[in-house]
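Convention: sequence-line order gives letters A, B, ...; per-chain numbering from 1.
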Protein chains: 2
Amino acid sequence: MLVLLYIFFGLTSARLLDLSHSVGEDSRIWLGYNGFNRTAFFYGTQDAGFWLTAYDVAFPEHISTHLDAPSHFYEHGLTVDNIPIEDLVGPAVVVDMKARASLSDNAELSTEDLNKWLEKHGSLPDGVVVFIRTGWGERYFNQTAYFGTDSKDVTKMKHPGLSRGAAEILANYNETHGRRVLGVGGLDTPSLDPGNSTTFPAHQVLAAKNIYRIEHVANLHLLPDIGAEVTVLPIKFTGGSGGPCRILAKISDQVASGRIEHPSTSKPAKI
Amino acid sequence: MLVLLYIFFGLTSARLLDLSHSVGEDSRIWLGYNGFNRTAFFYGTQDAGFWLTAYDVAFPEHISTHLDAPSHFYEHGLTVDNIPIEDLVGPAVVVDMKARASLSDNAELSTEDLNKWLEKHGSLPDGVVVFIRTGWGERYFNQTAYFGTDSKDVTKMKHPGLSRGAAEILANYNETHGRRVLGVGGLDTPSLDPGNSTTFPAHQVLAAKNIYRIEHVANLHLLPDIGAEVTVLPIKFTGGSGGPCRILAKISDQVASGRIEHPSTSKPAKI
């Protein structure tokens, strides 16, 4: 019986990986937004003799590693608190576009790039969360290198992103293949669309299908291209257009050691 | 191979439960703290023709369903961003104190109550997160009933909580039984200590052992007393004393249907 449960929870052979940057004054924020502020409400030993620390915080919803709810770019889209909990757990795949990103400023993952990946790895599992590894994550702690400018001018931003065509393949995957894409992004960049975008078509196309996006993802170099399961838990702002989220990846020892090539999972039920 | 991974991720027979309330103007906050504020930074159709919504938010770290980091009540305790990711996943148990809570204002779970539970269910598994079901969760959406006062006067608060003695059993569990308690609380109340506490001994005792607490937990009536696994993912405030968190419980169909009585899990490794 215990063995059955060990297998059920799958923890005996799982490795955990945190894909989230911290949230604070040192966090990256899209250049068009306000910054982070924190003030101490309690700090120090209280009159009654015990230690107490508690802060007030103020920040834009889209700070650090965060989820964009569909409502961010689609008037009728789900707000962050209304995304069903079962849409926040699923198998993860990583599409690597480091080679493409090295070719030009504002490089876009093309439909050809994405189709090549699908030919190599096979079709996407149902309920997948798609991550895009651009290599920009290595620049995260260097504000100027990460945004491509040392100014606050959003028109000067330079970073890779997803093309409209690649976004459309993922947005329409359920209609064309009968398998839902829950989330896209998982980009290690400041935004899903490339830095020079002014109309954000990838955001729009995915939002219209109630697919969430994730930006400023950490540790993508440690996430295998296939074989991990992710739990994406954003702060549940009432009516929010998004919010900082923690992303936990579970990687089985078999996948980590390369003994299983192409895993798949089915979706859990909701209570 | 696919079957192995199905078993690994365990999702084919899992039910998911969200133990988190949303975060907004309608959230419960300890009476001594400031409130929640939200302002629209973008709201509506932009000049370029697309819809965009994004908010700025301001609130105390300890709002709605949230994690208290050890540093909240212990100067040398872990801050919320430094809690190891593997300490945020573990088996859950629920200690029910509804009967005790019905006997008096500010009822405390006693050492006898806790020991009776342990005699009935057996010892705690390693890496456990302990939830306390008081029944107060049914009052969450009624501010006055939940806090026991319609004022903002913290000295008038009335709600059940954990006694110092019960907190000490859990804080010392690793030393006495060789099994770590990761988190305690999981209370469906405004605070871990009862409403009339002025020195918060349960907070202090657990914080000193770097055990986190969770407050304002949702849906505890749906969490089985044993047999669930929880993932507790707080917002990762740099140096934070805590933060709103999402708590995802996975409940196997076997547990949900009562076919397995006392599961256990071991801890995953960290990457």
Side-chain angles (χ1 to χ4, degrees), chain A residues 1-2 5-12 14-18 20 22-24 26 34 41 48 50-58 60-62 71-75 81 85-86 198-200 204 222 229 231 233 235-238 240-241 244 246 248 252 260 263-266 268-271, chain B residues 1-2 5-12 14-18 20 22-24 26 34 41 48 50-58 60-62 71-75 81 85-86 198-200 204 222 229 231 233 235-238 240-241 244 246 248 252 260 263-266 268-271:
Chain A
M1 220 143 63
L2 288 186
L5 262 287
Y6 278 125
I7 293 172
F8 164 67
F9 287 127
L11 292 181
T12 48
R15 299 181 188 194
L16 302 182
L17 176 64
D18 189 352
S20 326
S22 61
V23 175
D26 53 348
N34 292 321
F41 190 78
F50 59 87
W51 174 266
L52 189 61
T53 313
Y55 298 97
D56 284 323
V57 289
E61 289 171 327
H62 302 264
S71 68
H72 181 39
F73 266 85
Y74 176 48
E75 184 173 5
D81 51 326
I85 191 84
E86 68 265 35
T198 55
T199 54
F200 311 101
Q204 291 189 57
L222 297 176
E229 184 206 56
T231 300
L233 294 183
I235 185 168
K236 200 175 174 178
F237 287 127
T238 309
S241 74
R246 294 292 288 270
L248 174 73
S252 80
I260 291 188
S264 182
T265 69
S266 64
K270 188 185 180 184
I271 288 184
Chain B
M1 220 142 67
L2 288 186
L5 262 287
Y6 279 125
I7 293 172
F8 165 66
F9 287 129
L11 292 181
T12 48
R15 299 181 187 193
L16 302 183
L17 176 64
D18 189 353
S20 326
S22 61
V23 176
D26 53 347
N34 292 321
F41 190 77
F50 59 88
W51 175 266
L52 190 61
T53 312
Y55 298 98
D56 284 323
V57 288
E61 289 171 327
H62 301 264
S71 68
H72 181 39
F73 266 85
Y74 176 49
E75 185 174 3
D81 53 326
I85 191 84
E86 68 265 34
T198 54
T199 54
F200 311 101
Q204 292 188 57
L222 297 176
E229 183 206 57
T231 299
L233 293 183
I235 185 168
K236 201 175 173 178
F237 287 126
T238 309
S241 74
R246 294 292 288 271
L248 173 73
S252 80
I260 291 188
S264 183
T265 69
S266 64
K270 187 185 183 185
I271 288 185

Asks: Is the closest side-chain heavy-atom distance between B:R246 and A:T231 below 4.5 Å?
Replies: no

Asks: Counting only heavy atoms closer than 4.5 Å, note whether A:Q204 contacts chain B via side chain, backbone, both or neither.
Replies: side chain

Asks: Considering all heavy atoms of both residues, which atom of A:A48 and which atom of B:T199 are nearest to each other, and what is their separation?
Replies: CB-CG2, 4.4 Å

Asks: So which atom in A:V57 and which in B:E61 form the shortest heavy-atom distance, rounded to 0.1 Å?
Replies: CG1-CG, 4.3 Å

Asks: Report yes if some heavy atom in the side chain of B:I235 is under 4.5 Å from a heavy atom in the side chain of A:P244; otherwise report no.
Replies: yes

Asks: In Å, rounded to the nearest 0.5 Å, how long is the span from CG of A:L248 to CG of B:L233?
Replies: 6.0 Å

Asks: Hey, do the aromatic rings of B:F237 and A:Y55 have their centres closer than 6.0 Å?
Replies: no

Asks: Looking at A:A58, A:G24, A:S22, A:P60, which one has more heavy-atom pairs under 4.5 Å with chain B than the rest?
Replies: A:S22

Asks: Quick check: closest heavy atoms across B:A54 and A:S241, and the distance to 0.1 Å?
Replies: CA-OG, 3.4 Å

Asks: Name the orientation class of the two ring planes belonging to B:F73 and A:F50 (parallel below 30°, tilted from 30 to 60°, perpendicular beyond 60°).
Replies: parallel

Asks: Please flag which part of B:H72 lies under 4.5 Å from any non-hydrogen atom of chain A: side chain, backbone, both or neither.
Replies: both

Asks: Return the CG to CG distance between A:D56 and B:N34, rounded to the nearest 0.5 Å.
Replies: 4.5 Å

Asks: Please classify the contact of A:Y74 with chain B as side chain, backbone, both or neither, using a heavy-atom distance under 4.5 Å.
Replies: backbone

